[in-house]
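To start, the structure itself, in structure tokens.
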Amino acid sequence: MSTSPSGGVSVSAQGWHWRHAGRSQWACRDLSLSIEPGERVLLLGASGSGKSTVLHGLAGLLDSGEDGDQAGQLLVDGASPSTRRSRIGMVLQNPDSQVILSRVGDDVAFGMENFAVERPAIWPRVRRALTAVGLDLPLARSTSALSGGQQQRLALAGVLAMNPGLILLDEPTANLDPAGVVEVRDAVAAAAAATGATLVVVEHRTAVWLPVVDRVVVLGEGGQVVADGPPEVTLQRERDLLRRAGVWVPGDELPPLTRRHRPGATLLEAAHLSVGYHGGESSHDLGFHVDRGSVTVVTGPNGAGKSALALTLGGLLPPQGGTLTADGAFAPTPRRRSPVAWKSRELLTRIGSVFQNPEHQFLTATVRDELALGPRALKRDETAVAEVCDSLLERLRLTHLAEVNPYTLSGGEQRRLSVATVLATAPGLVILDEPTFGQDRNTWEQLVRLLAEMADEGTAVVAVTHDLDFAGLLADQRVDLGSWHVEATADASC
């Protein structure tokens with residue numbers, strides 16, 4: 001990452017291959033691509049097509065031998081990316097893994113200090129970068145208290161403060177509220193315009209970035225370029241190909257979805273509930289109930305307490321005030337009706353939680369073993385375990401990855417696996433934090449239909465999300481933490 005505005009860098013790939021360690025298949029195969037200095041490129045493709053791998057390669061983060069096998073050439077300004085790291089800034093798909101220091105200001109300053117920016121210049125640039133990405137927090141705020149969306153803004157601020165010649169963004173708006181998406185996009189565009197930086201963005205939702213990019217590149221299943229050109233021309237010319245690849249093509253209608261919404265008994269009831277992390281901000285005086293067979297969608301701006309609410313409903317975080325009470329028939333015993341008091345085995349068959357960062361809940365060495373872990377803990381017959389695993393692998397398009405280590409999956413694949421691990425034990429209530437993160441159009445539709453079917457069969461679903469399309473199709477009620485408002489959806493059939 002450069003210390004002063006100095007224009008963009010060139011990028012080139014000639015027959016580049018990459019295979020992750022322990023994998024038999026190439027994550028990216030025979031990639032040939034050339035990007036001129038200052039170009040702004042939107043990189044599209046299906047979940048698992050190698051987009052993140054390409055960005056990691058361009059950032060110089062792939063170590064041939066230790067991390068995997070490489071062939072062909074991948075160059076930044078005519079040299080190996082590992083020798084050009086001072087000119088490259090990247091926002092990772094999981095911003096939590098990019099937070100380094102304990103205070104917001106120090107974290108943004110970290111890169112500049114590493115590259116010996118003069119101290120008087122550092123703090124003005126820190127403040128400008130935080131303002132640009134809309135992270136209006138004290139410089140001394142603890143980074144451990146930030147929400148996922150705030151971490152995403154923090155990572156981007158650290159990159160923009162360095163004035164890099166190459167900006168690489170991997171799903172940079174996935175955890176942001178709708179207003180934040182536009183704010184961050186405009187901040188990136190302004191920074192690229194001011195410095196002349198080259199920009200490569202990976203994003204499944206194309207519409208938000210089309211106004212600020214001048215080129216669209218689409219990767220096929222093997223990581224090769226299957227479409228390349230000006231945005232509007234490419235999207236129109238390759239519309240059918242893009243749809244098959246799972247790309248969200250602007251203007252396409254959402255799939256029809258019919259819900260047979262017949263909510264049953266109340267499983268959980270919140271009364272004057274306050275949630276939050278110790279010493280952090282919290283949401284107060286929440287009142288709603290979660291019924292069997294219903295879908296509750298939790299929305300609100302970044303930092304409003306959505307993930308804290310999800311963890312509280314899942315029995316993983318104690319309420320800060322008020323009550324959260326399970327129905328007597330749903331609770332393990334009549335006297336223990338607060339989920340936070342339940343044992344892990346009692347939670348396993350009652351409430352399943354999918355965290356915002358899916359890798360935080362992986363425990364085994366293969367995808368199949370990860371799926372089998374819950375059913376085996378419940379002493380299920382191995383034949384039944386295999387049937388459940390095979391069904392979920394197929395439904396969530398993970399069959400070809402059954403023997404792969406979960407930590408080598410793409411972000412979208414990890415998200416689908418984390419959802420599948422919870423579904424494997426068939427709990428009465430499923431709580432999902434950003435379930436559609438990293439999904440292409442095809443896997444998004446499959447996931448939405450699976451959750452709709454579960455709800456119709458009696459499972460209660462609570463989903464924290466910024467995905468308004470997801471909410472519009474599935475929600476029976478919305479809990480909006482921005483206005484502390486709960487509303488029932490007028491028509492549950494879509």
Using 0.5 Å steps for rounding, measure from the OG1 atom of T299 to the CG atom of D480.
4.0 Å

About how many Å separate CE of M112 and CZ of R119, when rounded to the nearest 0.5 Å?
10.5 Å

Is atom CD of E221 surrounded by more than 12 heavy atoms (other residues, nucleotides or ligands) closer than 6.0 Å?
no

Shortest non-hydrogen pair, F470 vs P435, comes out as CZ-CG, 4.0 Å

Assess whether side chain to side chain contact (heavy atoms under 4.5 Å, CB included) is satisfied between K51 and H204, documenting all intermediate values.
CA-CA 10 Å; K51 303 182 299 299; H204 283 292; 3.6 Å; yes

Test side chain to side chain contact (heavy atoms under 4.5 Å, CB included) on D106 and E113; report intermediate values, then the result.
CA-CA 9 Å; D106 294 340; E113 291 173 340; 5.8 Å; no

Nearest-0.5 Å distance that lies between atom CG in L166 and atom CD1 in I35
8.0 Å

Minimal heavy-atom distance between V108 and A157, with the atoms involved, is CG1-O, 3.9 Å

Less than 4.5 Å apart, any side-chain heavy atom of L429 and any of V462?
yes

Distance from I88 atom CD1 to I167 atom CD1, nearest 0.5 Å?
12.0 Å

So do V99 and L146 actually touch side chain to side chain, heavy atoms under 4.5 Å?
no

Taking every non-hydrogen atom, the tightest pair across E434 and T465
OE1-CA, 3.6 Å

Using the side chain to side chain contact (heavy atoms under 4.5 Å, CB included) rule, pick out the option among L409, L417, T366 that qualifies with V404.
L409

Given side chain to side chain contact (heavy atoms under 4.5 Å, CB included), test F437 with Q93 step by step and report yes or no.
CA-CA 10 Å; F437 172 87; Q93 194 173 48; 3.5 Å; yes

Checking the side chain of Q152 only, and the main-chain atoms of E171 only, is there a donor and an acceptor separated by less than 3.5 Å?
yes

Least distance between heavy atoms, V117 atom then R125 atom:
CG1-NH1, 3.8 Å

Is it the case that the side chain of R416 and the backbone of T443 share a donor-acceptor pair, with hydrogens and angles ignored and the cut-off at 3.5 Å?
no

Name all pairs fulfilling the salt bridge (Lys or Arg N to Asp or Glu O under 4.0 Å) condition that reach into residues 196-211, sequence neighbours left out, sorted by first residue then second.
R205-D467, R205-D469

How far does CG of L92 sit from NE2 of H56, to the nearest 0.5 angstrom?
5.0 Å

Between S47 and D440, what is the shortest heavy-atom contact and its length?
N-OD2, 2.6 Å

Decide yes or no for H466 and N302: does some side-chain heavy atom of the first lie under 4.5 Å from some side-chain heavy atom of the second?
yes

Are side-chain heavy atoms of T53 and W16 found at a separation under 4.5 Å?
yes

Report yes if the side chains of L31 and W18 come closer than 4.5 Å at any heavy-atom pair, otherwise no.
no

Does some side-chain heavy atom of L139 sit less than 4.5 Å from a side-chain heavy atom of W123?
yes

Could you tell me if the side chain of W209 sits less than 4.5 Å from the side chain of V188, heavy atoms only?
yes

Whether the side chain of Q414 engages the backbone of P406 through a donor-acceptor N/O pair (distance < 3.5 Å, no angle test) should be reported.
yes

According to side-chain hydrogen bond (donor to acceptor under 3.5 Å, both in side chains), who are the partners of W248, at least two apart in sequence or on a separate chain?
none

Going by side chain to side chain donor-acceptor pair (under 3.5 Å), name the pairs with one or both residues in residues 228-238, residues two or more places apart or in two chains.
R215-D228

Kindly say whether F362 contributes a backbone atom to a donor-acceptor pair with the side chain of Y407 at under 3.5 angstrom?
yes

Got a donor-acceptor contact below 3.5 angstrom from the Q361 side chain to the F355 backbone?
yes

Does the side chain to side chain contact (heavy atoms under 4.5 Å, CB included) test come out yes or no for L309 and S283, once each step is laid out?
CA-CA 8 Å; L309 176 58; S283 298; over 6 Å; no

Are D69 and R19 close enough for a salt bridge, meaning some N to O gap below 4.0 Å?
yes

Go through E413 and S410 one step at a time and tell me if the side chain to side chain donor-acceptor pair (under 3.5 Å) criterion holds.
CA-CA 5 Å; E413 290 164 346; S410 73; 3.3 Å; yes

Smallest separation among heavy atoms of G15 and S32, with atom names:
N-OG, 3.2 Å

Between E183 and R153, does any side-chain N to carboxylate O distance fall below 4.0 Å?
yes

Looking just at side-chain N and O atoms, do T198 and E39 make a donor-acceptor pair shorter than 3.5 Å?
no

Between T173 and V182 (side chain of the first, backbone of the second, donor and acceptor by atom type, cut-off under 3.5 Å), is there such a pair?
no

To the nearest 0.5 Å, what is the distance between CG on L43 and CG on L219?
4.5 Å

With a 3.5 Å distance limit and no angle check, can you tell me whether Q14 reaches the backbone of G72 through a side-chain donor-acceptor pair?
no

Check: S307/D433 side-chain N/O donor and acceptor closer than 3.5 Å
yes

Where the side chain of Q320 meets the backbone of S274, is there a donor-acceptor pair that is under 3.5 Å apart?
no

Between the side chains of D170 and S52, does any donor sit under 3.5 Å from an acceptor?
yes

Side-chain contact, heavy-atom cut-off 4.5 Å: L169 with L156?
yes

Are the side chain of K306 and the backbone of P301 linked by a donor-acceptor contact shorter than 3.5 Å?
yes

Does either side chain, that of Q439 or that of R415, offer a donor lying less than 3.5 Å from an acceptor on the other one?
no

